[in-house]
Protein chains: 2
Amino acid sequence: MAGDQSTKTEARLRQAGLRPTRQRMALASLLYAKGDRHLTVEELHEEAAAAGIDVSLATVYNTLHQFTEARMLRVLAVEGSRTYFDTNVSDHHHFFIEGRNEVVDIPMGNISITNLPEPPEGMEVAHVDVIIRLREKAK
Amino acid sequence: MAGDQSTKTEARLRQAGLRPTRQRMALASLLYAKGDRHLTVEELHEEAAAAGIDVSLATVYNTLHQFTEARMLRVLAVEGSRTYFDTNVSDHHHFFIEGRNEVVDIPMGNISITNLPEPPEGMEVAHVDVIIRLREKAK
DNA sequence: CTGTGTGCAAACTCTTTGCATAAGT
DNA sequence: ACTTATGCAAAGAGTTTGCACACAG
């Protein structure tokens, strides 16, 4: 039934310690309805508008940051001025298509990195990011 | 003798098709005097000022972009709002120290990535970036 | 001289913040 | 009711651009 989806979303928010407000529910639904996604604030804002959900840009920013702190999202370190958010929080890597500014997941388990160097004294590894930058093949 | 360094810098600029102006010479000297470096525009601007070289911020931006096009520099894809430039153009990877916003080279040849996935149809790999994010170890 | 490069200030983009209003529990 | 979230508009960072002046060849 239709209620199931929003019930799940609400549970997810509560678990994260966030009150399930209209806006959070709406944004979370958009984010998690279609599987793993990579988007910018701007994109999500437009998507929300298109879906008839009238949230301010500032609220999208705030909300995505709250989601990130709650580990419902990850921030992607792709070069460029915009911040990409990734709905897939698990350990995985990315293709980045230059010229198109598009982020694509690299199928899990495909990459292994060997000979990882020791971190310097007193440091520990927080995360390893691999970004494979692609361009369209010249023909 | 003192002239050697600037002669080399001038040659480097000419080879890149850039006229060796005062500002370019000065910035290039700062960049390449101390081995491989990672810096932001702001940092280089301050360094120049400290060295008594009075360049405008806009010129630093313009110059670093020109150097990048000339492949004398590389832009680093570290998350965050600032752009890092790397004077080491060869193929290598980086540590990024969170909280300190510091970039450190990973000694060459230490990392190997296996099982690199096939790029999608019609795409080719432009570059592979590995960023190992470090944090200070809790004690 | 002639064409490029530079400096400045203003414009721009993306993002964050302060504060009054609105909504959740 | 009481607390937390939202919206708006304004501020803030980092970066880019347009145009007059200055310098390199």
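Chain A is the first sequence line, chain B the second, and so forth, proteins listed ahead of strands; every chain is numbered from 1.
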Hey, does the side chain of [X] come within less than 4.0 Å of [N]'s phosphate (OP1/OP2), counting only N and O?
X	N	value
A:Y61	C:dT15	yes
B:R22	D:dA24	yes
B:R19	C:dT4	no
B:R24	C:dG5	yes
A:T63	D:dA5	no
B:T59	C:dT6	no
B:Q23	C:dG7	yes
A:T21	D:dT4	no

For the pair made of [atom1] in [X] and [atom2] in [N], what is the distance, rounded to whole Å?
X	N	atom1	atom2	answer
B:N62	C:dC8	CG	P	13 Å
A:L44	C:dT15	CG	P	13 Å
A:L64	D:dA5	CG	P	15 Å
A:E10	D:dA5	CD	P	15 Å
B:E69	D:dT16	CD	P	11 Å
A:L76	C:dC14	CG	C1'	17 Å
A:L27	D:dG7	CG	P	9 Å

Starting at the 5' end of DNA chain D, which residue's closest nucleotide do you reach first, B:H65 or A:A58?
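The 5'-side residue here is A:A58.
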Pairwise side-chain contact, [X] with [Y], heavy-atom cut-off 4.5 Å (strictly under):
X	Y	value
A:I53	A:S29	no
B:Q15	B:L13	no
B:N101	B:F96	yes
B:E10	B:R24	no

Angle between ring planes, A:H65 versus A:Y61, binned at 30° and 60°: parallel, tilted or perpendicular?
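Correct class here is tilted.
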